[in-house]
Amino acid sequence: MTSTYDHGAIEAKWQSRWQETGLYEIALERVPRPYYNLMMFPYPSAEGLHVGNMFAFSGADAHGRFERMQGFDVFEPIGFDAFGIHSENFALKVGRHPTELIASNVRRFREQLKRLGAQFDWTKTVDTTDPAYYRWTQWLFLTLWKGGFAYRGRRNVKWCPQDLTVLADEQVLADGSCERCGALVTERELEQWFLRISAFSERLLTDLDSLNWSESTKLLQRHWIGRSQGALIDFPIDGEDPLRVFSTRPDTIFGATFMVLAPDHPRTVELAAPELRSEVAAFAAEAARRRIAGQRDDENSTQGMALGRDARHPLTGNRVPLFTAEYVLSGYGTGAIMAVPAHDQRDHAFALRHHLPVVEVVSGRAESGAHGGSGSLINSGHFDGLKAPDPARELVTAALVESGWGQPHVTYKLRDWGISRQRYWGPPIPAIHCPKCGVVPVPEEDLPVLLPYIEDFRPLGTGESPLARDPQFLNTTCPNCGGPAQRETDVSDTFLDSSWYFLRYPSVGRDDVAFDRELTRKWLPVTYYDGGNEHAVLHLLYSRFVTMALHQLGHLDFAEPFTEFRAHGTIVKGGAKMSKSRGNVVVPDEYIAHFGADAFRLYLLYLGPYSETLNFVDSGINGPFRFLTQLLRLLDRVEPSAPETAALARARHRCIHRVTVDTPERKYNTAIAAMMSFVKRLREHDGPLPQVAMETLALLLAPYCPHLAEEIWERLGREYSVHQQPWPATDRSLIVDEQVVVVVCINGKKRDQLVVAAGTDPATLEKEALSLPRIQKWLAGKAPERIFVVPDRQVNVVLAG
RNA sequence: GCCGGGGUGGCGUAAUGGUAGCCGCAGCGGUCUUAAAAACCGCAGUCCUAACGGACGUGUGGGUUCGACUCCCACCCCCGGCACCA
């Protein structure tokens with residue numbers, strides 16, 4: 001009896017069959033046509049896999065399965081990104097130790113992922129908290145360090161003076177207070193590890209042009225890297241070193257009427273007139289408080305004070321007074337600017353408030369406030385009349401270079417990657433602090449540096465990681481001199497774990513190398529990467545950096561890790577992001593239990609275009625579920641000897657065509673709609689159904705509903721497995737209709753229609769259209785002015801008047 | 001503020017210069033049933049009309065075109081990212 005859809009039994013049956021036969025285990029060394037189908041591995045939260053994960057994995061898996069049926073040997077691994085502050089904070093909250101908590105989350109995730117029925121190769125899975133993995137994360141760090149890409153530096157961290165702990169940015173509330181105790185958060189400077197991503201700023205930017213990635217993702221990266229071209233300009237100060245500024249518009253230098261230093265610029269207090277120094281220092285402190293709190297409004301963007309001292313304009317020798325103001329940031333350019341109030345809005349607002357002169361140097365309309373500055377230079381000495389910004393920018397820069405006060409310069413917003421975390425739940429950074437030898441790397445043969453089990457893993461009050469609590473861990477000997485030494489107690493950022501996991505997958509199981517040279521050459525770079533744009537600038541950029549560095553150090557043959565990247569959309573409900581506080585979280589398990597994984601996958605992909613934000617509707621899954629039920633029931637009507645009518649053949653090939661075109665373009669929704677239409681057509685068909693119709697449906701459905709496709713394939717008497725079959729071919733001669741409806745319009749409005757053979761010539765169409773009684777009536781004896789004929793589509797009769 | 005992505009029936013969406021609303025959801029009517037569920041058949045943008053038919057209709061206003069959801073200009077709203085980056 002085939003008429004009931006027992007999805008539970010069907011899905012369990014095929015999942016165990018796949019496992020028994022190792023259908024998705026790829027012989028990585030041997031297979032001839034490697035295709036590395038990667039999706040972003042999940043962070044195993046306590047809530048379990050959410051709908052967003054299910055959606056992404058369904059889409060990415062449909063892609064992988066489709067490519068497999070195109071003849072590729074598709075390697076599709078999955079893993080767990082299980083270290084990190086999120087996990088640790090959650091463990092703190094529920095009062096359990098992350099070691100056991102995360103392990104149980106991972107177990108749950110495995111089960112859920114298996115129920116989804118994706119073609120994951122479970123023999124090649126990765127868990128970032130496994131010493132067999134993080135040993136190589138530590139190796140990566142050492143390799144980068146030895147290669148000159150890691151260094152120690154000082155950076156401010158957010159610090160709660162009451163809890164005596166380092167805070168993550170998201171633990172600071174909008175008013176600058178600690179989310180736990182409400183105390184005002186301050187900053188504290190700590191010595192930390194940095195990775196020199198800025199070494200590749202230019203390459204990370206220019207490579208984007210040739211990468212086959214979603215444009216939306218590339219745009220986010222370009223923005224984040226933030227390249228600006230301009231000049232460094234020195235303004236001399238009597239009796240002091242000159243003050244250096246960066247400007248993207250050196251051509252407006254004649255309009256520089258004052259200068260501004262960031263409150264925390266190292267020279268702000270030093271350059272202030274002696275009687276103002278304490279006041280300037282107080283201002284800087286207050287500015288720092290507001291900056292930590294993330295407070296910014298129009299009021300404090302014009303807040304600032306004079307330093308009581310002047311610089312000199314390098315080209316005119318005029319006096320230019322110095323100020324400090326909050327709107328100038330220490331972290332960008334040189335932390336000081338030449339202010340051109342006529343052509344910069346912020347400078348203009350500041351000048352108004354502090355009654356400073358505004359000198360226009362670019363002609364053009366300036367109705368109110370500053371204008372952007374394109375036009376011709378004025379008030380600029382012998383540069384007057386030059387077109388600005390270009391070519392004036394270049395000529396003024398040249399003059400500055402000649403005078404010795406300037407040089408061309410490119411700056412980037414991208415800053416080096418700070419990887420130190422003063423926390424517990426991460427891989428220990430493999431460094432040793434020796435009083436004699438300084439900071440020395442842990443020898444590679446001593447890896448992994450195991451994360452010790454520490455009962456009390458709460459952050460310490462010293463700004464150090466809780467690992468400092470464990471004397472057994474802390475105290476060691478220097479690998480260099482053999483004397484007593486202490487281990488680095490910070491752990492590394494989770495993003496370091498995920499910056500290289502794709503390199504590991506093919507080499508899982510190898511305990512002698514992070515990644516095998518031959519396997520890596522064969523399988524990487526990743527053929528296709530599917531992921532969310534929330535990782536566009538962190539994970540995806542860090543992975544590119546790590547790959548570039550390893551390439552430069554001779555460990556990889558390629559510099560870019562992901563040949564093709566496609567961003568998927570997000571699932572929302574009621575137009576809003578799902579969140580516990582909104583109470584609109586969908587628990588996928590219930591849907592899968594009730595409708596089956598196939599129906600759930602189909603529903604998620606049918607919701608709309610894969611790359612867009614999509615709205616989850618509770619009852620929506622009924623449609624795809626009914627479709628699968630009907631499809632299964634059609635099997636009862638198959639007679640192997642039944643011939644395929646011409647009309648059915650056309651419908652079938654149209655369906656093949658749509659699914660074949662739409663699937664690789666990730667238009668899963670329209671591909672599914674095409675299959676639904678074909679099933680509808682079969683249901684309306686009188687008499688027995690030809691076997692080929694159902695076989696085709698099984699093949700087309702295989703990427704979307706892998707279990708039911710197998711079931712149908714088997715019930716049709718075909719050999720296991722449907723997923724090893726070649727994709728069906730489209731007969732292009734059959735994808736157009738024999739007869740077409742041609743709409744007849746008067747002045748663009750539909751008035752009647754013709755049914756004619758496809759390909760009828762325009763002259764005939766025109767003649768037949770005009771002879772229609774209804775059209776005759778509209779013409780009312782008048783002659784048409786013009787007639788437009790679109791073959792197989794439309795005849796538009798234009799009447800005067 | 002800047003940069004993206006959107007705005008189409010009650011809802012999710014389809015159509016990127018040629019019949020707007022494919023495919024679904026929810027709804028309504030019917031068949032079957034003691035009944036309900038399931039299943040199956042049918043209706044369904046809005047307004048006018050007894051009907052034939054007609055008018056209007058893709059965020060708003062303009063434009064290009066024989067013809068515009070689609071292209072151009074201006075604006076409004078929603079979502080996401082960045083946010084004093086000189």
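Quick note on labels: first sequence line is chain A, next is B, and so on, each numbered from 1.
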(request) In whole angstrom, give me the gap between the P atoms of B:C75 and B:C2. (result) 11 Å
(request) May I ask you to say what A:Arg658 touches in the nucleic acid, namely base, sugar-phosphate or nothing, with a heavy-atom cut-off under 4.0 Å? (result) nothing
(request) Kindly point out which of B:C23, B:A86, B:C3 is positioned nearest to the side chain of A:Tyr606? (result) B:C23
(request) Would you classify A:Val328 as touching base, sugar-phosphate or nothing, given that sugar-phosphate means primed atoms plus P, OP1 and OP2, and contacts are heavy atoms under 4.0 Å? (result) base
(message) Treating A:Gln221 as the side-chain partner and A:Ala536 as the backbone partner, does any N or O pair qualify as donor plus acceptor under 3.5 Å?
(response) yes
(request) Return the value, rounded to whole Å, for the distance between atom OH of A:Tyr610 and atom C1' of B:G5. (result) 17 Å
(message) Side chain of A:Asn615 only, heavy atoms from C-beta on: which candidate in B:G12, B:A55, B:C84 is closest?
(response) B:G12
(message) Salt bridge or not between A:Lys218 and A:Asp209? Use side-chain N to carboxylate O under 4.0 Å.
(response) no
(request) Over all heavy atoms of both residues, which pair between A:Met675 and A:Cys655 is shortest? Give the atoms and the distance, please. (result) CA-SG, 3.9 Å
(message) Can you tell me if A:Arg786 touches the phosphate of B:G67, counting only side-chain N or O atoms and a distance under 4.0 Å to OP1 or OP2?
(response) no
(request) For this output row, return yes or no: ring centroids of A:Phe55 and A:Phe616 closer than 6.0 angstrom. (result) no
(request) May I ask you to decide if A:Ala231's main-chain N or O and A:His409's side chain share a donor-acceptor pair within less than 3.5 Å? (result) no
(request) Would you mind telling me which residue lines up with the more 5' stretch of RNA chain B, A:Met676 or A:Leu219, judged by nearest nucleotide? (result) A:Leu219
(request) Please state the C1' separation for the pair B:U31 and B:C69 - nearest whole angstrom. (result) 40 Å
(request) Would you kindly give the CG-to-P distance between A:Asn622 and B:C11, to the nearest whole Å? (result) 19 Å
(request) Compute both the distance and the angle, then confirm whether A:Arg544 meets the cation-pi test with A:Trp224: under 6.0 Å from the six-membered ring centre, within 45 degrees of the axis. (result) no
(request) Return the minimal non-hydrogen interatomic distance between A:Ala311 and A:Phe235, and the atom names on each side. (result) CB-CB, 4.1 Å
(message) Under 4.0 Å, counting only non-hydrogen atoms across every strand here, what does A:Leu220 touch: a base, just sugar-phosphate, or nothing?
(response) sugar-phosphate
(request) Report the nucleotide, chosen from B:G24, B:C23, B:A86, that has the shortest atom-to-atom distance to any side-chain atom of A:Ser677. (result) B:C23
(message) Work out how far the P atom of B:U70 is from that of B:G62, and round it to whole angstrom.
(response) 14 Å
(message) Say we look at B:U64 and B:C77: how far apart would their P atoms be, to the nearest angstrom?
(response) 28 Å
(message) Any base atoms under 4.0 Å from A:Arg774, or only sugar-phosphate, or nothing? Heavy atoms, all strands.
(response) sugar-phosphate
(request) Could you tell me whether the side chains of A:Thr696 and A:Arg652 share a donor-acceptor contact shorter than 3.5 Å? (result) yes
(message) Work out how far the C1' atom of B:A14 is from that of B:A20, and round it to whole angstrom.
(response) 10 Å
(request) Could you tell me the separation between the CZ atom of A:Phe235 and the P atom of B:A86, rounded to a whole number of Å? (result) 17 Å
(message) OP1 or OP2 of B:C23 versus the side-chain N and O atoms of A:Lys680: is any pair under 4.0 Å?
(response) yes
Polar atom pairs (N or O), protein with nucleotides 14-21 of chain B, under 3.5 Å:
| from | atom 1 | to | atom 2 | distance (Å) |
| --- | --- | --- | --- | --- |
| B:A14 | OP1 | A:Asn669 | ND2 | 2.7 |
| B:G18 | N2 | A:Gln794 | OE1 | 2.9 |
| B:G18 | N3 | A:Gln794 | OE1 | 2.4 |
| B:U19 | O2 | A:Lys750 | NZ | 3.2 |

(message) Under 4.0 Å, heavy atoms only, any strand: does A:Gln630 hit a base, just the sugar-phosphate, or nothing?
(response) sugar-phosphate
(request) State the syn/anti category of B:G9 according to its glycosidic angle, syn meaning within 90° of 0. (result) syn
(message) Checking contacts here: which listed nucleotide (B:G6, B:C3, B:A86) is nearest the side-chain heavy atoms of A:Glu612?
(response) B:G6
(message) If you assign each of A:Val537 and A:Asn747 to its closest nucleotide in RNA chain B, which residue comes earlier from the 5' end?
(response) A:Asn747
(request) For A:Tyr5 and A:Thr629, work out which heavy atoms get closest and say how close. (result) CD2-OG1, 3.8 Å
(request) Give none if B:A14 has no partner; otherwise give the nucleotide forming a Watson-Crick or G-U wobble pair with it, both distances under 3.5 Å. (result) none
(request) Measure the distance from CD1 on A:Ile621 to C1' on B:C11 and round it to the nearest whole Å. (result) 17 Å
(message) Between B:G7 and B:U13, how far apart are the two P atoms, rounded to whole Å?
(response) 9 Å
(request) From the options B:G53, B:A86, B:C40, select the nucleotide whose nearest atom is closest to the side chain of A:Arg633. (result) B:C40
(message) What's the closest nucleotide to the side chain of A:Arg683 if the choices are B:A86, B:C40, B:C3?
(response) B:C40
